[in-house]
Amino acid sequence: MDSELKEEIPVHEEFILCGGVETQVLKCGPWTDLFNDQSVKRPKLLIFIIPGNPGFSAFYVPFAKALYSLTNRRFPVWTISHAGHALAPKDKKILTTSEDSNAQEIKDIYGLNGQIEHKLAFLRTHVPKDMKLVLIGHSIGSYFTLQMLKRVPELLLMPPTLGAKK
């Protein structure tokens with residue numbers, strides 16, 4: 001049995017306005033702003049979790065912490081709630097920026113199409129284009145992930161192979 005005390009893994013909670021709706025984002029690891037962190041230590045890859053229903057990102061914290069640990073704490077692991085599925089506590093500030101086009105409303109944000117556009121809007125605003133992504137979807141989150149890849153093929157790191165090489 002491992003008797004070592006495990007160092008606490010930081011999880012930062014943010015509420016942002018995305019698509020005109022409050023959205024909870026849980027960020028595992030020390031990186032909370034990938035755009036403004038220009039340090040050498042800025043990671044080159046982000047693990048991004050899209051939950052199943054009911055869309056609560058907090059349910060995935062143990063999984064996110066495990067992924068973060070298993071990658072030797074080299075890559076951030078972020079989990080996003082579904083649009084409208086998490087409300088900020090009254091004492092919590094909802095983050096927006098003046099040039100944030102994602103603060104604009106998305107048509108039918110609570111429908112399937114709107115939820116997919118919600119995740120894409122978040123990635124456009126909060127994740128640099130040169131950042132490699134590992135997208136993980138659970139249940140309906142898997143469907144959202146597949147639809148995101150269809151709409152924005154640039155998100156795909158490596159095309160899946162459809163058979164063994166001969």
Practice prompt. Quick one: list whatever passes side chain to side chain donor-acceptor pair (under 3.5 Å) with Glu22, sequence neighbours left out.
Written response: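 Testing Glu22 for side chain to side chain donor-acceptor pair (under 3.5 Å), a comparison that skips the adjacent residues, returns none.
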Worksheet entry | side chain to side chain donor-acceptor pair (under 3.5 Å) partners of Arg42, counting only residues at least two apart |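 For Arg42, the residues satisfying side chain to side chain donor-acceptor pair (under 3.5 Å) (neighbours in sequence not counted) are Asp130.
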Side-chain heavy atoms nearer than 4.5 Å, only ILVMFWY residues, links allowed to pass through others: does that put [X] and [Y] together?
{"X": "Val134", "Y": "Leu67", "result": "yes"}
{"X": "Leu146", "Y": "Ile47", "result": "no"}
{"X": "Leu135", "Y": "Leu45", "result": "yes"}
{"X": "Phe35", "Y": "Leu120", "result": "no"}
{"X": "Leu26", "Y": "Val21", "result": "no"}

For the atom pair [atom1] ([X]) and [atom2] ([Y]), what is the distance rounded to the nearest 0.5 Å?
{"X": "Asp33", "Y": "Lys27", "atom1": "CG", "atom2": "NZ", "value": "6.5 Å"}
{"X": "Phe75", "Y": "Cys28", "atom1": "CZ", "atom2": "SG", "value": "13.5 Å"}
{"X": "Ile116", "Y": "Lys150", "atom1": "CD1", "atom2": "NZ", "value": "9.5 Å"}

Item to complete: On the 0 to 90° scale, with breaks at 30° and 60°, tag the His82-His85 ring pair as parallel, tilted or perpendicular.
Response: perpendicular
Please name the pair of heavy atoms, one in [X] and one in [Y], separated by the smallest distance, quoted to 0.1 Å.
{"X": "Ile106", "Y": "Ala121", "value": "CD1-CB, 4.3 Å"}
{"X": "Ala64", "Y": "Val77", "value": "CB-CG1, 3.6 Å"}
{"X": "Tyr110", "Y": "Gly84", "value": "CE2-CA, 3.7 Å"}
{"X": "Asn53", "Y": "Ile140", "value": "N-CG2, 3.7 Å"}
{"X": "Trp31", "Y": "Trp78", "value": "O-NE1, 3.5 Å"}
{"X": "Glu8", "Y": "Arg73", "value": "O-NH1, 4.0 Å"}

Worksheet item: Can a salt bridge be assigned to the pair Glu154 and Lys129 using a cut-off of 4.0 Å between side-chain N and carboxylate O?
Response: no
Practice prompt. Mark yes when over 12 heavy atoms from residues, nucleotides or ligands other than Arg74 sit less than 6.0 Å from its CZ; otherwise mark no.
Written response: no
Worksheet item: Taking atom CZ of Phe15 as the centre, does the number of heavy atoms from other residues, nucleotides or ligands within less than 6.0 Å exceed 12?
Response: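 For Phe15, atom CZ is crowded (more than 12 foreign heavy atoms under 6.0 Å).
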Pairwise side-chain contact, [X] with [Y], heavy-atom cut-off 4.5 Å (strictly under):
{"X": "Val25", "Y": "Phe122", "result": "yes"}
{"X": "Val61", "Y": "Lys65", "result": "yes"}
{"X": "Thr145", "Y": "Leu155", "result": "no"}
{"X": "Leu112", "Y": "Gln147", "result": "no"}
{"X": "Leu133", "Y": "Leu123", "result": "yes"}

Worksheet item: Checking side-chain hydrogen bond (donor to acceptor under 3.5 Å, both in side chains) against Asn113, which of His118, Lys107, Arg151 comes through?
Response: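 Answer after filtering His118, Lys107, Arg151: Arg151.
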Worksheet item: Would you find a donor on one side and an acceptor on the other, under 3.5 Å apart, between the side chain of Ser81 and the backbone of Thr23?
Response: no
Discussion item. For the backbone of Ala83 and the side chain of Gln115, can you confirm whether one donor and one acceptor N or O come within less than 3.5 Å of each other?
Written reply: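 Yes.
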Worksheet item: Do the two ring centres, one from Phe63 and one from His138, sit under 6.0 Å apart?
Response: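 No, too far apart.
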Worksheet item: For the side-chain contact (heavy atoms from CB on, under 4.5 Å) test, which of Phe56, Phe48, Tyr60 pairs with Thr79?
Response: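 It is Tyr60, the one option of Phe56, Phe48, Tyr60 that forms the side-chain contact (heavy atoms from CB on, under 4.5 Å) with Thr79.
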